[in-house]
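The structure appears below as C-alpha coordinates.
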Amino acid sequence: MAEMIRSNPSGMSDADKSVAATADFASMEKHNFTLMHCWQILKDEPKWMELKRKMDTPQNSGSRENVPPPNVQRDIFDLHPEKSSSTSPSRKRPMGRDTSKEAKKKAASASSEYMSKMHDLSVQKIELFKETEGERKARLDEIVTIEKVKVLEAREHRKMMLDIERERLALDKQRLQNEAEKKEKEEDERILAINLDQCLPMQRMYYQVLQEDIIQKLMSRRRGPTQ
(Lines give C-alpha, C1' and ligand atoms only; values in the text may rest on other atoms or scores of the structure.)
Protein backbone atom coordinates (compact mmCIF):
# COMPACT_ATOMS: atom_id res chain seq x y z
CA MET A 1 0.00 0.00 0.00
CA ALA A 2 2.92 2.33 0.76
CA GLU A 3 4.39 1.55 -2.66
CA MET A 4 1.05 2.30 -4.29
CA ILE A 5 0.78 5.62 -2.42
CA ARG A 6 4.34 6.56 -3.42
CA SER A 7 3.69 5.77 -7.09
CA ASN A 8 0.41 7.74 -6.88
CA PRO A 9 -1.22 6.51 -10.12
CA SER A 10 -3.30 9.20 -11.73
CA GLY A 11 -7.06 8.84 -11.80
CA MET A 12 -7.21 6.33 -8.93
CA SER A 13 -9.12 6.91 -5.74
CA ASP A 14 -8.11 5.53 -2.32
CA ALA A 15 -10.45 2.58 -2.85
CA ASP A 16 -8.84 1.89 -6.23
CA LYS A 17 -5.38 2.03 -4.64
CA SER A 18 -6.47 -0.47 -1.98
CA VAL A 19 -7.72 -2.83 -4.68
CA ALA A 20 -4.48 -2.45 -6.65
CA ALA A 21 -2.39 -3.05 -3.52
CA THR A 22 -4.25 -6.28 -2.73
CA ALA A 23 -3.71 -7.38 -6.34
CA ASP A 24 0.05 -6.72 -6.00
CA PHE A 25 0.09 -8.65 -2.73
CA ALA A 26 -1.67 -11.61 -4.36
CA SER A 27 0.76 -11.67 -7.29
CA MET A 28 3.79 -11.56 -4.96
CA GLU A 29 2.61 -13.85 -2.16
CA LYS A 30 0.62 -16.24 -4.40
CA HIS A 31 -2.44 -15.95 -2.15
CA ASN A 32 -5.05 -13.32 -1.45
CA PHE A 33 -4.78 -10.78 1.35
CA THR A 34 -7.50 -11.75 3.83
CA LEU A 35 -6.82 -9.29 6.67
CA MET A 36 -8.24 -6.15 5.10
CA HIS A 37 -10.61 -5.68 8.03
CA CYS A 38 -7.64 -5.76 10.44
CA TRP A 39 -5.66 -3.35 8.32
CA GLN A 40 -8.59 -0.92 8.22
CA ILE A 41 -8.54 -0.85 12.05
CA LEU A 42 -4.77 -0.77 12.62
CA LYS A 43 -3.58 1.52 9.84
CA ASP A 44 -4.21 4.71 11.87
CA GLU A 45 -3.13 3.36 15.28
CA PRO A 46 0.03 4.98 16.82
CA LYS A 47 1.87 1.64 17.23
CA TRP A 48 1.19 0.71 13.62
CA MET A 49 2.34 4.13 12.43
CA GLU A 50 5.61 3.70 14.39
CA LEU A 51 6.14 0.25 12.88
CA LYS A 52 5.42 1.62 9.43
CA ARG A 53 7.92 4.46 10.00
CA LYS A 54 10.65 1.96 10.98
CA MET A 55 9.84 -0.18 7.94
CA ASP A 56 10.05 2.84 5.67
CA THR A 57 13.38 4.00 7.20
CA PRO A 58 16.37 3.13 4.90
CA GLN A 59 18.75 0.45 6.19
CA ASN A 60 21.76 2.80 6.20
CA SER A 61 20.07 5.19 8.62
CA GLY A 62 20.61 2.84 11.62
CA SER A 63 23.25 3.21 14.33
CA ARG A 64 26.85 2.82 13.11
CA GLU A 65 27.60 0.66 16.15
CA ASN A 66 25.87 -2.26 14.47
CA VAL A 67 27.79 -1.83 11.19
CA PRO A 68 31.01 -3.96 11.05
CA PRO A 69 34.30 -2.39 9.87
CA PRO A 70 34.95 -2.34 6.11
CA ASN A 71 37.58 -5.12 6.25
CA VAL A 72 35.26 -7.36 8.25
CA GLN A 73 32.53 -6.70 5.75
CA ARG A 74 34.89 -7.60 2.91
CA ASP A 75 35.92 -10.84 4.64
CA ILE A 76 32.31 -11.76 5.27
CA PHE A 77 31.37 -11.05 1.71
CA ASP A 78 34.38 -13.01 0.41
CA LEU A 79 33.74 -15.99 2.62
CA HIS A 80 29.99 -16.08 2.15
CA PRO A 81 29.16 -14.50 -1.21
CA GLU A 82 25.91 -16.46 -1.39
CA LYS A 83 24.72 -14.71 1.83
CA SER A 84 24.91 -11.18 0.47
CA SER A 85 22.02 -8.88 1.14
CA SER A 86 20.77 -9.08 -2.40
CA THR A 87 20.21 -12.86 -2.14
CA SER A 88 19.44 -13.16 1.56
CA PRO A 89 16.50 -15.49 2.15
CA SER A 90 15.23 -13.10 4.82
CA ARG A 91 14.52 -10.42 2.17
CA LYS A 92 11.89 -10.64 -0.48
CA ARG A 93 13.06 -10.59 -4.05
CA PRO A 94 11.93 -7.36 -5.78
CA MET A 95 9.07 -7.71 -8.18
CA GLY A 96 10.11 -7.96 -11.82
CA ARG A 97 8.88 -5.74 -14.63
CA ASP A 98 6.55 -8.34 -16.13
CA THR A 99 5.14 -9.21 -12.73
CA SER A 100 4.66 -5.53 -11.97
CA LYS A 101 2.86 -5.01 -15.27
CA GLU A 102 0.66 -8.02 -14.62
CA ALA A 103 -0.15 -6.76 -11.13
CA LYS A 104 -1.01 -3.33 -12.52
CA LYS A 105 -3.23 -4.94 -15.15
CA LYS A 106 -5.00 -6.92 -12.44
CA ALA A 107 -5.35 -3.76 -10.35
CA ALA A 108 -6.71 -1.83 -13.33
CA SER A 109 -9.13 -4.66 -14.09
CA ALA A 110 -10.25 -4.84 -10.48
CA SER A 111 -10.61 -1.06 -10.38
CA SER A 112 -12.62 -1.09 -13.61
CA GLU A 113 -14.86 -3.82 -12.22
CA TYR A 114 -15.28 -1.87 -9.00
CA MET A 115 -16.19 1.32 -10.87
CA SER A 116 -18.63 -0.64 -13.04
CA LYS A 117 -20.34 -2.05 -9.96
CA MET A 118 -20.50 1.41 -8.39
CA HIS A 119 -22.01 2.75 -11.61
CA ASP A 120 -24.61 -0.01 -11.67
CA LEU A 121 -25.49 0.67 -8.04
CA SER A 122 -25.83 4.38 -8.79
CA VAL A 123 -28.12 3.64 -11.73
CA GLN A 124 -30.22 1.33 -9.55
CA LYS A 125 -30.41 4.01 -6.87
CA ILE A 126 -31.52 6.60 -9.43
CA GLU A 127 -34.15 4.20 -10.77
CA LEU A 128 -35.35 3.59 -7.22
CA PHE A 129 -35.68 7.35 -6.69
CA LYS A 130 -37.58 7.61 -9.98
CA GLU A 131 -39.95 4.83 -8.91
CA THR A 132 -40.42 6.49 -5.55
CA GLU A 133 -41.12 9.83 -7.24
CA GLY A 134 -43.58 8.15 -9.59
CA GLU A 135 -45.36 6.46 -6.73
CA ARG A 136 -45.48 9.76 -4.85
CA LYS A 137 -46.96 11.52 -7.89
CA ALA A 138 -49.54 8.76 -8.34
CA ARG A 139 -50.48 9.01 -4.67
CA LEU A 140 -50.84 12.79 -4.92
CA ASP A 141 -52.98 12.44 -8.05
CA GLU A 142 -55.19 9.97 -6.20
CA ILE A 143 -55.52 12.37 -3.26
CA VAL A 144 -56.41 15.24 -5.62
CA THR A 145 -59.06 13.06 -7.30
CA ILE A 146 -60.55 12.12 -3.94
CA GLU A 147 -60.64 15.77 -2.86
CA LYS A 148 -62.38 16.74 -6.11
CA VAL A 149 -65.00 14.05 -5.52
CA LYS A 150 -65.48 15.34 -1.97
CA VAL A 151 -65.96 18.90 -3.25
CA LEU A 152 -68.53 17.76 -5.84
CA GLU A 153 -70.40 15.70 -3.25
CA ALA A 154 -70.42 18.64 -0.82
CA ARG A 155 -71.72 20.93 -3.58
CA GLU A 156 -74.48 18.48 -4.49
CA HIS A 157 -75.38 18.11 -0.82
CA ARG A 158 -75.65 21.88 -0.38
CA LYS A 159 -77.80 22.16 -3.51
CA MET A 160 -80.08 19.38 -2.29
CA MET A 161 -80.42 21.04 1.14
CA LEU A 162 -81.27 24.39 -0.52
CA ASP A 163 -83.93 22.72 -2.68
CA ILE A 164 -85.43 21.05 0.39
CA GLU A 165 -85.43 24.38 2.23
CA ARG A 166 -87.13 26.15 -0.71
CA GLU A 167 -89.74 23.41 -0.87
CA ARG A 168 -90.34 23.66 2.87
CA LEU A 169 -90.74 27.44 2.67
CA ALA A 170 -93.13 27.08 -0.25
CA LEU A 171 -95.20 24.56 1.69
CA ASP A 172 -95.23 26.81 4.74
CA LYS A 173 -96.31 29.73 2.59
CA GLN A 174 -99.09 27.70 0.98
CA ARG A 175 -100.21 26.45 4.38
CA LEU A 176 -100.37 29.95 5.79
CA GLN A 177 -102.19 31.17 2.72
CA ASN A 178 -104.73 28.34 3.02
CA GLU A 179 -105.22 29.09 6.69
CA ALA A 180 -105.71 32.79 5.93
CA GLU A 181 -108.20 32.03 3.17
CA LYS A 182 -110.04 29.64 5.49
CA LYS A 183 -110.24 32.25 8.21
CA GLU A 184 -111.35 34.87 5.69
CA LYS A 185 -114.05 32.54 4.35
CA GLU A 186 -115.25 31.74 7.82
CA GLU A 187 -115.36 35.44 8.66
CA ASP A 188 -117.23 36.22 5.43
CA GLU A 189 -119.73 33.46 6.15
CA ARG A 190 -120.24 34.82 9.66
CA ILE A 191 -120.84 38.34 8.36
CA LEU A 192 -123.24 37.20 5.61
CA ALA A 193 -125.18 35.15 8.17
CA ILE A 194 -125.99 38.24 10.25
CA ASN A 195 -129.63 39.29 10.11
CA LEU A 196 -129.59 43.04 9.49
CA ASP A 197 -133.21 43.46 10.62
CA GLN A 198 -132.24 42.41 14.13
CA CYS A 199 -129.30 44.82 14.35
CA LEU A 200 -129.28 48.32 15.71
CA PRO A 201 -129.25 51.05 13.10
CA MET A 202 -125.49 51.72 13.31
CA GLN A 203 -124.69 47.99 13.32
CA ARG A 204 -127.03 47.44 10.38
CA MET A 205 -125.21 50.08 8.35
CA TYR A 206 -121.79 48.60 9.28
CA TYR A 207 -122.62 44.96 8.48
CA GLN A 208 -124.55 46.00 5.36
CA VAL A 209 -121.38 47.58 3.95
CA LEU A 210 -119.34 44.48 4.82
CA GLN A 211 -121.86 42.19 3.23
CA GLU A 212 -121.87 44.28 0.05
CA ASP A 213 -118.02 44.15 -0.07
CA ILE A 214 -118.07 40.39 0.39
CA ILE A 215 -120.60 39.95 -2.40
CA GLN A 216 -118.58 42.23 -4.68
CA LYS A 217 -115.43 40.23 -3.92
CA LEU A 218 -117.19 36.96 -4.70
CA MET A 219 -118.53 38.35 -7.98
CA SER A 220 -115.02 39.49 -8.95
CA ARG A 221 -113.58 36.05 -8.25
CA ARG A 222 -116.31 34.41 -10.30
CA ARG A 223 -115.72 36.71 -13.29
CA GLY A 224 -111.95 36.01 -13.14
CA PRO A 225 -108.95 38.39 -13.44
CA THR A 226 -109.35 38.83 -17.23
CA GLN A 227 -112.87 40.25 -17.13
Side-chain angles (χ1 to χ4, degrees), residues 1-140:
M1 187 63 186
E3 179 65 25
M4 187 60 60
I5 293 174
R6 280 195 294 269
S7 62
N8 192 22
S10 61
M12 292 183 67
S13 63
D14 292 341
D16 296 336
K17 291 176 183 178
S18 298
V19 173
T22 55
D24 290 344
F25 179 90
S27 62
M28 292 175 60
E29 301 294 337
K30 306 304 180 184
H31 64 84
N32 294 328
F33 183 68
T34 59
L35 302 175
M36 181 61 73
H37 57 289
C38 297
W39 182 76
Q40 290 288 349
I41 297 174
L42 295 174
K43 64 185 181 67
D44 297 325
E45 292 294 324
K47 290 184 179 181
W48 177 268
M49 298 298 291
E50 180 64 20
L51 176 60
K52 181 176 178 299
R53 185 186 63 78
K54 291 181 180 180
M55 293 175 65
D56 292 340
T57 302
Q59 295 294 329
N60 57 3
S61 63
S63 175
R64 296 184 61 87
E65 295 179 357
N66 297 327
V67 180
N71 57 347
V72 176
Q73 292 181 11
R74 184 175 62 253
D75 294 339
I76 294 175
F77 294 153
D78 292 340
L79 292 174
H80 304 284
E82 71 281 0
K83 294 184 179 180
S84 61
S85 60
S86 61
T87 60
S88 174
S90 62
R91 294 177 60 86
K92 293 293 182 181
R93 186 175 181 179
M95 184 168 53
R97 184 176 60 184
D98 294 340
T99 305
S100 177
K101 287 183 179 180
E102 185 66 23
K104 289 182 179 179
K105 286 182 181 179
K106 289 183 179 180
S109 177
S111 176
S112 177
E113 183 180 358
Y114 170 79
M115 295 302 294
S116 177
K117 289 182 179 179
M118 290 299 102
H119 175 72
D120 293 341
L121 290 175
S122 298
V123 171
Q124 292 177 6
K125 188 175 182 181
I126 292 173
E127 291 297 328
L128 181 60
F129 286 158
K130 287 182 179 178
E131 291 178 1
T132 304
E133 184 66 24
E135 292 175 356
R136 186 181 299 110
K137 185 177 182 301
R139 187 163 54 253
L140 289 176

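Predicted model, so just to flag it, every value in this text is computed and none were measured.
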Can you sort out the partners of Glu50 under salt bridge (Lys or Arg N to Asp or Glu O under 4.0 Å), two or more places apart, ordered by chain and number?
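Salt bridge (Lys or Arg N to Asp or Glu O under 4.0 Å) list for Glu50, sorted by chain: Arg53.
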Using a 4.5 Å cut-off on heavy atoms from C-beta on, say whether the side chain of Gln40 contacts that of His37.
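In short, these two side chains do not touch, never coming nearer than 4.5 Å.
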Side-chain contact test, heavy atoms from C-beta onward, threshold under 4.5 Å: evaluate it for Asp24 versus Glu3 and give yes or no.
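In short, these two side chains do not touch, never coming nearer than 4.5 Å.
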For the student: nearest non-hydrogen atoms of Ala21 and Met4, plus distance:
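Residues Ala21 and Met4, closest heavy atoms: N-CE, 4.1 Å.
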Closest heavy-atom pair and its distance - Asp14, Met1:
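Nearest pair, atom of Asp14 first, then Met1: O-CE, 4.4 Å.
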Residues in side-chain contact (heavy atoms from CB on, under 4.5 Å) with Ala26, at least two apart?
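Ala26 satisfies side-chain contact (heavy atoms from CB on, under 4.5 Å) with Asn32 once adjacent residues are dropped.
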Kindly write out the residues that satisfy side-chain contact (heavy atoms from CB on, under 4.5 Å) with Ile41, not counting sequence neighbours, or none if the list is empty.
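By the side-chain contact (heavy atoms from CB on, under 4.5 Å) rule, Ile41 matches no residue at all.
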Would you say Asp16's side chain and Ser13's backbone share a donor-acceptor pair under 3.5 angstrom?
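Checking the backbone N and O of Ser13 against the side chain of Asp16, a donor-acceptor pair under 3.5 Å is found.
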